[in-house]
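Okay, so here's the structure we're looking at.
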Amino acid sequence: MLRSLAKTPRCDPFSAASLRSLRRRLITWYRRHRRDLPWRRTSDPYCVWISEIMLQQTQVVTVVPYFERFVASFPNVQALAAADEHEVLRHWEGLGYYRRARQLHRAAQQIVERHGGQFPHDRDDVLQLAGIGRYTAGAILSIALDQPEAILEANTVRLHSRLLGSQENPASRSAQDRLWQFAAKLLPKRGAGELNQALMEVGSLVCTPKAPRCGDCPLAEWCQARALGLEGVIPRLAKKIPATSVREAAAVVWRGQQVLVRLHPTGERWAGLWDFPRFPVETESPRLVADELARCVTDQTGLRIVVGEPLATIKHTVTRFRITLDVYHARRTGGRQLSASGELRWLRPAELADVALSTTGRKIARLISQGV
Ligand code: SF4
(Lines give C-alpha, C1' and ligand atoms only; values in the text may rest on other atoms or scores of the structure.)
Protein backbone atom coordinates (compact mmCIF):
# COMPACT_ATOMS: atom_id res chain seq x y z
CA MET A 1 0.00 0.00 0.00
CA LEU A 2 2.73 2.39 1.00
CA ARG A 3 4.69 1.47 -2.13
CA SER A 4 1.77 2.16 -4.48
CA LEU A 5 1.22 5.54 -2.81
CA ALA A 6 4.89 6.36 -3.21
CA LYS A 7 4.58 5.70 -6.95
CA THR A 8 1.66 8.10 -7.37
CA PRO A 9 2.81 11.55 -8.52
CA ARG A 10 1.49 14.52 -6.51
CA CYS A 11 -1.30 16.41 -8.33
CA ASP A 12 0.48 19.74 -8.74
CA PRO A 13 3.89 19.47 -7.17
CA PHE A 14 4.91 22.82 -8.62
CA SER A 15 2.04 25.08 -7.56
CA ALA A 16 3.07 28.52 -6.27
CA ALA A 17 2.73 27.41 -2.64
CA SER A 18 4.61 24.19 -3.27
CA LEU A 19 7.42 26.07 -5.03
CA ARG A 20 7.84 28.39 -2.04
CA SER A 21 8.29 25.35 0.14
CA LEU A 22 10.70 23.77 -2.37
CA ARG A 23 12.86 26.91 -2.41
CA ARG A 24 12.99 27.06 1.38
CA ARG A 25 14.00 23.41 1.62
CA LEU A 26 16.60 23.80 -1.09
CA ILE A 27 18.23 26.92 0.36
CA THR A 28 18.35 25.40 3.85
CA TRP A 29 20.10 22.35 2.42
CA TYR A 30 22.48 24.48 0.35
CA ARG A 31 23.59 26.63 3.25
CA ARG A 32 24.43 23.50 5.18
CA HIS A 33 26.07 21.45 2.43
CA ARG A 34 27.55 23.81 -0.11
CA ARG A 35 31.21 23.40 -0.97
CA ASP A 36 33.55 26.20 -0.09
CA LEU A 37 34.85 27.15 -3.53
CA PRO A 38 37.07 30.17 -4.25
CA TRP A 39 34.63 31.79 -6.67
CA ARG A 40 31.87 31.55 -4.07
CA ARG A 41 33.78 33.85 -1.71
CA THR A 42 33.15 36.84 -3.95
CA SER A 43 30.35 38.39 -5.96
CA ASP A 44 32.76 40.05 -8.39
CA PRO A 45 31.25 39.41 -11.86
CA TYR A 46 34.77 38.99 -13.25
CA CYS A 47 35.53 36.05 -10.93
CA VAL A 48 32.11 34.50 -11.44
CA TRP A 49 32.60 34.79 -15.20
CA ILE A 50 36.07 33.18 -15.14
CA SER A 51 34.80 30.31 -12.99
CA GLU A 52 31.77 29.70 -15.18
CA ILE A 53 33.87 29.50 -18.34
CA MET A 54 36.39 27.17 -16.69
CA LEU A 55 33.64 24.94 -15.33
CA GLN A 56 32.21 24.28 -18.78
CA GLN A 57 33.04 20.63 -19.57
CA THR A 58 35.44 20.48 -16.61
CA GLN A 59 35.07 19.17 -13.07
CA VAL A 60 35.14 21.48 -10.04
CA VAL A 61 38.13 19.76 -8.47
CA THR A 62 40.17 20.31 -11.64
CA VAL A 63 39.12 23.93 -11.98
CA VAL A 64 40.00 25.15 -8.45
CA PRO A 65 43.83 25.44 -8.87
CA TYR A 66 43.47 26.83 -12.41
CA PHE A 67 41.03 29.45 -11.19
CA GLU A 68 43.30 30.51 -8.34
CA ARG A 69 46.36 30.83 -10.60
CA PHE A 70 44.39 32.62 -13.29
CA VAL A 71 42.90 35.33 -11.08
CA ALA A 72 46.23 35.77 -9.28
CA SER A 73 47.89 36.54 -12.64
CA PHE A 74 44.95 38.40 -14.21
CA PRO A 75 43.11 39.92 -11.25
CA ASN A 76 40.62 41.97 -13.27
CA VAL A 77 39.20 42.56 -16.74
CA GLN A 78 41.83 45.17 -17.60
CA ALA A 79 44.71 42.85 -16.74
CA LEU A 80 43.21 40.05 -18.81
CA ALA A 81 42.48 42.32 -21.76
CA ALA A 82 46.06 43.64 -21.77
CA ALA A 83 47.66 40.18 -21.50
CA ASP A 84 49.34 38.45 -24.40
CA GLU A 85 47.14 35.62 -25.72
CA HIS A 86 49.99 33.20 -25.31
CA GLU A 87 50.17 34.04 -21.59
CA VAL A 88 46.44 33.40 -21.25
CA LEU A 89 46.81 30.04 -22.98
CA ARG A 90 49.75 29.17 -20.77
CA HIS A 91 47.50 29.60 -17.72
CA TRP A 92 44.88 27.43 -19.43
CA GLU A 93 47.28 24.66 -20.38
CA GLY A 94 45.84 21.28 -19.37
CA LEU A 95 42.24 22.48 -18.98
CA GLY A 96 41.45 21.66 -22.61
CA TYR A 97 38.87 23.27 -24.88
CA TYR A 98 41.28 26.13 -25.54
CA ARG A 99 38.72 28.05 -27.56
CA ARG A 100 37.25 29.02 -24.19
CA ALA A 101 40.49 30.77 -23.21
CA ARG A 102 40.79 32.63 -26.52
CA GLN A 103 37.18 33.78 -26.28
CA LEU A 104 37.63 34.80 -22.65
CA HIS A 105 40.58 36.95 -23.68
CA ARG A 106 38.61 38.44 -26.58
CA ALA A 107 35.62 39.15 -24.33
CA ALA A 108 37.86 40.96 -21.82
CA GLN A 109 39.02 43.22 -24.66
CA GLN A 110 35.40 43.80 -25.70
CA ILE A 111 34.49 44.77 -22.12
CA VAL A 112 37.33 47.30 -22.05
CA GLU A 113 36.46 48.68 -25.51
CA ARG A 114 32.67 48.81 -25.10
CA HIS A 115 32.05 49.12 -21.37
CA GLY A 116 35.09 50.93 -20.00
CA GLY A 117 36.35 47.78 -18.27
CA GLN A 118 33.16 47.27 -16.21
CA PHE A 119 31.40 43.96 -16.65
CA PRO A 120 28.04 44.88 -18.26
CA HIS A 121 24.84 44.48 -16.23
CA ASP A 122 22.50 44.33 -19.18
CA ARG A 123 21.63 40.84 -20.44
CA ASP A 124 21.80 41.79 -24.13
CA ASP A 125 25.22 43.39 -23.64
CA VAL A 126 26.48 40.29 -21.83
CA LEU A 127 25.21 38.04 -24.62
CA GLN A 128 27.19 40.09 -27.15
CA LEU A 129 30.49 39.09 -25.52
CA ALA A 130 32.64 36.38 -27.06
CA GLY A 131 32.01 32.91 -25.65
CA ILE A 132 28.98 33.86 -23.53
CA GLY A 133 25.71 32.09 -24.25
CA ARG A 134 22.39 31.93 -22.52
CA TYR A 135 23.55 29.75 -19.64
CA THR A 136 26.72 31.71 -18.84
CA ALA A 137 24.91 35.05 -19.04
CA GLY A 138 22.22 33.77 -16.66
CA ALA A 139 24.81 32.40 -14.25
CA ILE A 140 26.86 35.62 -14.09
CA LEU A 141 23.87 37.95 -13.86
CA SER A 142 22.10 35.91 -11.19
CA ILE A 143 25.12 34.90 -9.08
CA ALA A 144 27.09 38.15 -9.20
CA LEU A 145 24.28 40.70 -9.63
CA ASP A 146 21.26 38.86 -8.24
CA GLN A 147 19.22 39.38 -11.36
CA PRO A 148 16.29 36.95 -11.78
CA GLU A 149 17.90 34.97 -14.59
CA ALA A 150 17.40 31.25 -15.10
CA ILE A 151 20.21 28.83 -15.81
CA LEU A 152 20.36 25.41 -17.42
CA GLU A 153 23.54 23.35 -17.61
CA ALA A 154 24.39 19.66 -17.38
CA ASN A 155 23.55 19.30 -13.67
CA THR A 156 20.27 21.18 -13.84
CA VAL A 157 19.22 19.51 -17.08
CA ARG A 158 19.44 16.18 -15.26
CA LEU A 159 17.87 17.48 -12.05
CA HIS A 160 14.96 19.24 -13.76
CA SER A 161 14.30 16.31 -16.08
CA ARG A 162 13.95 14.10 -13.00
CA LEU A 163 11.91 16.60 -11.01
CA LEU A 164 9.50 16.89 -13.93
CA GLY A 165 9.57 13.16 -14.67
CA SER A 166 10.32 14.07 -18.29
CA GLN A 167 11.10 11.12 -20.52
CA GLU A 168 12.00 13.24 -23.54
CA ASN A 169 15.57 13.42 -24.79
CA PRO A 170 16.67 16.58 -22.90
CA ALA A 171 18.65 17.77 -25.92
CA SER A 172 15.50 18.01 -28.07
CA ARG A 173 14.14 21.46 -28.82
CA SER A 174 10.83 20.81 -27.05
CA ALA A 175 12.55 19.41 -23.94
CA GLN A 176 14.95 22.36 -23.83
CA ASP A 177 12.04 24.81 -24.01
CA ARG A 178 10.29 22.98 -21.21
CA LEU A 179 13.39 22.83 -19.04
CA TRP A 180 14.16 26.52 -19.46
CA GLN A 181 10.56 27.37 -18.58
CA PHE A 182 10.82 25.23 -15.49
CA ALA A 183 14.14 26.82 -14.51
CA ALA A 184 12.50 30.25 -14.79
CA LYS A 185 9.48 29.10 -12.78
CA LEU A 186 11.73 27.98 -9.95
CA LEU A 187 13.29 31.44 -9.53
CA PRO A 188 12.39 33.55 -6.52
CA LYS A 189 11.97 37.33 -6.81
CA ARG A 190 15.18 37.84 -4.85
CA GLY A 191 18.06 35.46 -4.31
CA ALA A 192 18.07 33.91 -7.79
CA GLY A 193 21.84 33.50 -7.69
CA GLU A 194 21.81 31.49 -4.50
CA LEU A 195 18.92 29.37 -5.73
CA ASN A 196 20.67 28.67 -9.04
CA GLN A 197 23.82 27.65 -7.23
CA ALA A 198 21.80 25.45 -4.89
CA LEU A 199 20.15 23.69 -7.83
CA MET A 200 23.52 23.05 -9.48
CA GLU A 201 24.93 21.81 -6.18
CA VAL A 202 22.10 19.31 -5.68
CA GLY A 203 22.59 18.15 -9.27
CA SER A 204 26.31 17.80 -8.76
CA LEU A 205 26.40 16.22 -5.28
CA VAL A 206 23.09 14.37 -4.87
CA CYS A 207 21.19 13.97 -8.14
CA THR A 208 24.20 12.41 -9.82
CA PRO A 209 24.09 10.83 -13.30
CA LYS A 210 24.41 7.29 -11.94
CA ALA A 211 22.84 6.15 -8.68
CA PRO A 212 21.26 9.43 -7.52
CA ARG A 213 21.20 9.67 -3.71
CA CYS A 214 17.45 10.12 -3.42
CA GLY A 215 17.48 9.31 0.31
CA ASP A 216 19.59 12.42 0.95
CA CYS A 217 17.82 14.66 -1.54
CA PRO A 218 16.17 17.85 -0.29
CA LEU A 219 13.89 17.78 -3.35
CA ALA A 220 12.76 14.16 -3.16
CA GLU A 221 9.26 15.24 -2.09
CA TRP A 222 8.80 17.04 -5.43
CA CYS A 223 10.55 14.56 -7.67
CA GLN A 224 8.29 12.96 -10.27
CA ALA A 225 10.97 10.56 -11.49
CA ARG A 226 11.31 9.14 -8.00
CA ALA A 227 7.54 8.95 -7.55
CA LEU A 228 7.37 6.93 -10.77
CA GLY A 229 10.42 4.82 -9.96
CA LEU A 230 12.20 6.24 -13.01
CA GLU A 231 15.15 8.04 -11.40
CA GLY A 232 17.50 5.44 -12.89
CA VAL A 233 16.35 6.00 -16.49
CA ILE A 234 15.72 9.75 -16.58
CA PRO A 235 17.14 11.69 -18.35
CA ARG A 236 16.78 9.58 -21.46
CA LEU A 237 19.86 10.66 -23.35
CA ALA A 238 20.47 10.05 -27.04
CA LYS A 239 22.95 7.25 -27.73
CA LYS A 240 26.52 8.49 -27.84
CA ILE A 241 28.28 8.40 -31.18
CA PRO A 242 31.08 5.84 -30.80
CA ALA A 243 34.59 7.28 -30.68
CA THR A 244 36.63 7.15 -33.88
CA SER A 245 40.13 5.72 -33.57
CA VAL A 246 42.86 7.84 -35.14
CA ARG A 247 46.59 7.21 -35.43
CA GLU A 248 49.08 10.10 -35.37
CA ALA A 249 52.85 10.40 -35.18
CA ALA A 250 55.00 13.16 -33.69
CA ALA A 251 58.69 13.93 -34.02
CA VAL A 252 60.99 15.31 -31.32
CA VAL A 253 63.51 16.81 -33.72
CA TRP A 254 66.88 17.48 -32.07
CA ARG A 255 69.47 20.04 -33.09
CA GLY A 256 72.23 19.58 -30.56
CA GLN A 257 70.63 20.15 -27.15
CA GLN A 258 67.53 21.85 -28.57
CA VAL A 259 64.24 20.49 -29.84
CA LEU A 260 61.91 21.82 -32.50
CA VAL A 261 58.48 23.16 -31.53
CA ARG A 262 55.77 24.59 -33.72
CA LEU A 263 52.97 27.05 -32.94
CA HIS A 264 49.58 25.78 -34.09
CA PRO A 265 48.18 28.54 -36.29
CA THR A 266 44.59 29.86 -36.26
CA GLY A 267 42.21 27.27 -37.61
CA GLU A 268 44.09 24.24 -36.30
CA ARG A 269 42.79 22.15 -33.41
CA TRP A 270 45.15 23.67 -30.82
CA ALA A 271 45.51 27.15 -32.26
CA GLY A 272 47.80 29.33 -30.13
CA LEU A 273 49.55 26.39 -28.44
CA TRP A 274 53.03 25.06 -29.15
CA ASP A 275 53.60 21.43 -29.99
CA PHE A 276 56.02 18.97 -31.50
CA PRO A 277 55.37 18.46 -35.22
CA ARG A 278 52.62 15.85 -35.48
CA PHE A 279 50.61 14.37 -38.29
CA PRO A 280 47.92 11.76 -38.96
CA VAL A 281 49.41 8.53 -40.29
CA GLU A 282 47.77 5.69 -42.17
CA THR A 283 49.97 2.85 -41.02
CA GLU A 284 51.16 1.18 -37.82
CA SER A 285 54.38 -0.11 -39.35
CA PRO A 286 57.23 1.74 -37.55
CA ARG A 287 59.34 1.90 -40.72
CA LEU A 288 56.53 3.35 -42.83
CA VAL A 289 55.55 5.74 -40.02
CA ALA A 290 59.15 6.96 -39.85
CA ASP A 291 59.23 7.59 -43.62
CA GLU A 292 55.89 9.37 -43.56
CA LEU A 293 56.88 11.45 -40.53
CA ALA A 294 60.15 12.58 -42.12
CA ARG A 295 58.34 13.60 -45.31
CA CYS A 296 55.61 15.49 -43.40
CA VAL A 297 58.15 17.36 -41.24
CA THR A 298 60.04 18.47 -44.35
CA ASP A 299 56.82 19.61 -46.09
CA GLN A 300 55.68 21.53 -43.03
CA THR A 301 58.91 23.06 -41.79
CA GLY A 302 61.41 22.99 -44.65
CA LEU A 303 63.80 20.98 -42.41
CA ARG A 304 65.29 17.65 -43.37
CA ILE A 305 65.32 15.03 -40.62
CA VAL A 306 66.10 11.40 -39.96
CA VAL A 307 63.72 9.61 -37.65
CA GLY A 308 65.31 7.51 -34.92
CA GLU A 309 64.17 5.58 -31.88
CA PRO A 310 60.56 5.51 -30.68
CA LEU A 311 60.12 7.66 -27.56
CA ALA A 312 56.59 6.81 -26.40
CA THR A 313 53.08 5.95 -27.45
CA ILE A 314 50.50 8.25 -25.93
CA LYS A 315 46.78 7.55 -26.00
CA HIS A 316 44.34 10.40 -25.52
CA THR A 317 40.85 11.46 -26.44
CA VAL A 318 39.80 14.71 -28.08
CA THR A 319 36.04 15.21 -28.46
CA ARG A 320 34.99 11.97 -30.19
CA PHE A 321 38.43 10.96 -31.44
CA ARG A 322 40.48 8.35 -29.65
CA ILE A 323 44.02 9.18 -30.69
CA THR A 324 47.05 6.90 -30.53
CA LEU A 325 50.12 9.09 -30.89
CA ASP A 326 53.47 7.43 -31.67
CA VAL A 327 56.34 9.73 -30.74
CA TYR A 328 59.81 9.37 -32.22
CA HIS A 329 63.15 10.99 -31.62
CA ALA A 330 64.51 12.56 -34.79
CA ARG A 331 67.57 14.56 -35.80
CA ARG A 332 67.86 17.56 -38.09
CA THR A 333 70.12 16.84 -41.04
CA GLY A 334 69.63 19.99 -43.09
CA GLY A 335 67.16 22.50 -44.47
CA ARG A 336 66.46 26.14 -43.86
CA GLN A 337 67.48 28.30 -40.90
CA LEU A 338 64.65 29.31 -38.55
CA SER A 339 64.09 32.85 -37.31
CA ALA A 340 64.17 33.30 -33.54
CA SER A 341 60.65 34.76 -33.43
CA GLY A 342 58.74 32.67 -35.96
CA GLU A 343 56.22 29.90 -35.55
CA LEU A 344 58.97 27.28 -35.53
CA ARG A 345 61.55 27.50 -32.76
CA TRP A 346 64.46 25.61 -31.30
CA LEU A 347 64.19 25.40 -27.51
CA ARG A 348 66.13 23.63 -24.81
CA PRO A 349 63.97 21.13 -22.88
CA ALA A 350 64.09 23.41 -19.80
CA GLU A 351 62.68 26.29 -21.87
CA LEU A 352 59.56 24.28 -22.71
CA ALA A 353 58.25 25.19 -19.24
CA ASP A 354 57.82 28.78 -20.45
CA VAL A 355 55.56 28.06 -23.42
CA ALA A 356 51.96 26.88 -23.59
CA LEU A 357 52.00 23.34 -24.92
CA SER A 358 49.18 21.01 -25.94
CA THR A 359 48.43 18.33 -23.35
CA THR A 360 50.34 15.69 -25.29
CA GLY A 361 53.08 18.21 -26.02
CA ARG A 362 53.53 18.67 -22.26
CA LYS A 363 53.68 14.90 -21.74
CA ILE A 364 56.40 14.64 -24.37
CA ALA A 365 58.24 17.60 -22.82
CA ARG A 366 58.24 15.82 -19.44
CA LEU A 367 59.57 12.64 -20.99
CA ILE A 368 62.47 14.36 -22.72
CA SER A 369 63.24 16.39 -19.59
CA GLN A 370 63.59 13.05 -17.80
CA GLY A 371 65.99 11.92 -20.52
CA VAL A 372 63.64 9.32 -22.05
S1 SF4 B 1 14.85 12.43 -5.56
FE2 SF4 B 1 16.55 11.44 -6.55
S3 SF4 B 1 16.18 11.62 -8.74
FE4 SF4 B 1 14.83 13.05 -7.69
S5 SF4 B 1 15.91 14.99 -7.70
FE6 SF4 B 1 16.42 13.98 -5.79
S7 SF4 B 1 18.29 12.79 -6.17
FE8 SF4 B 1 17.40 13.37 -8.14
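Computed over heavy atoms, backbone and side chain alike; hydrogens, waters and symmetry mates excluded. Atoms within each ligand, like the ligands themselves, are counted from 1 in listed order.
- Contact annotation: the side chain of T244 never approaches that of R322 to less than 4.5 Å [non-hydrogen atoms, C-beta and beyond].
- Judged by the 6.0 Å and 45° rule, R134 forms a cation-pi pair with W180.
- Among protein atoms, those of element N, O or S found less than 2.8 Å away from atom 8 (Fe) of ligand 1 are C207 SG.
- Side chains of R236 and Q167: a donor on one and an acceptor on the other come within 3.5 Å.
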Pair E52-Y135, side-chain hydrogen bond (donor to acceptor under 3.5 Å, both in side chains): steps then yes or no: CA-CA 9 Å; E52 287 299 334; Y135 161 71; 2.5 Å; yes

Working for side-chain hydrogen bond (donor to acceptor under 3.5 Å, both in side chains), residues R269 and S358: CA-CA 10 Å; R269 195 195 283 155; S358 72; over 6 Å; no

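- A cation-pi arrangement, defined by a distance under 6.0 Å to the six-membered ring centre and an angle within 45 degrees of its axis, is present between R69 and Y66.
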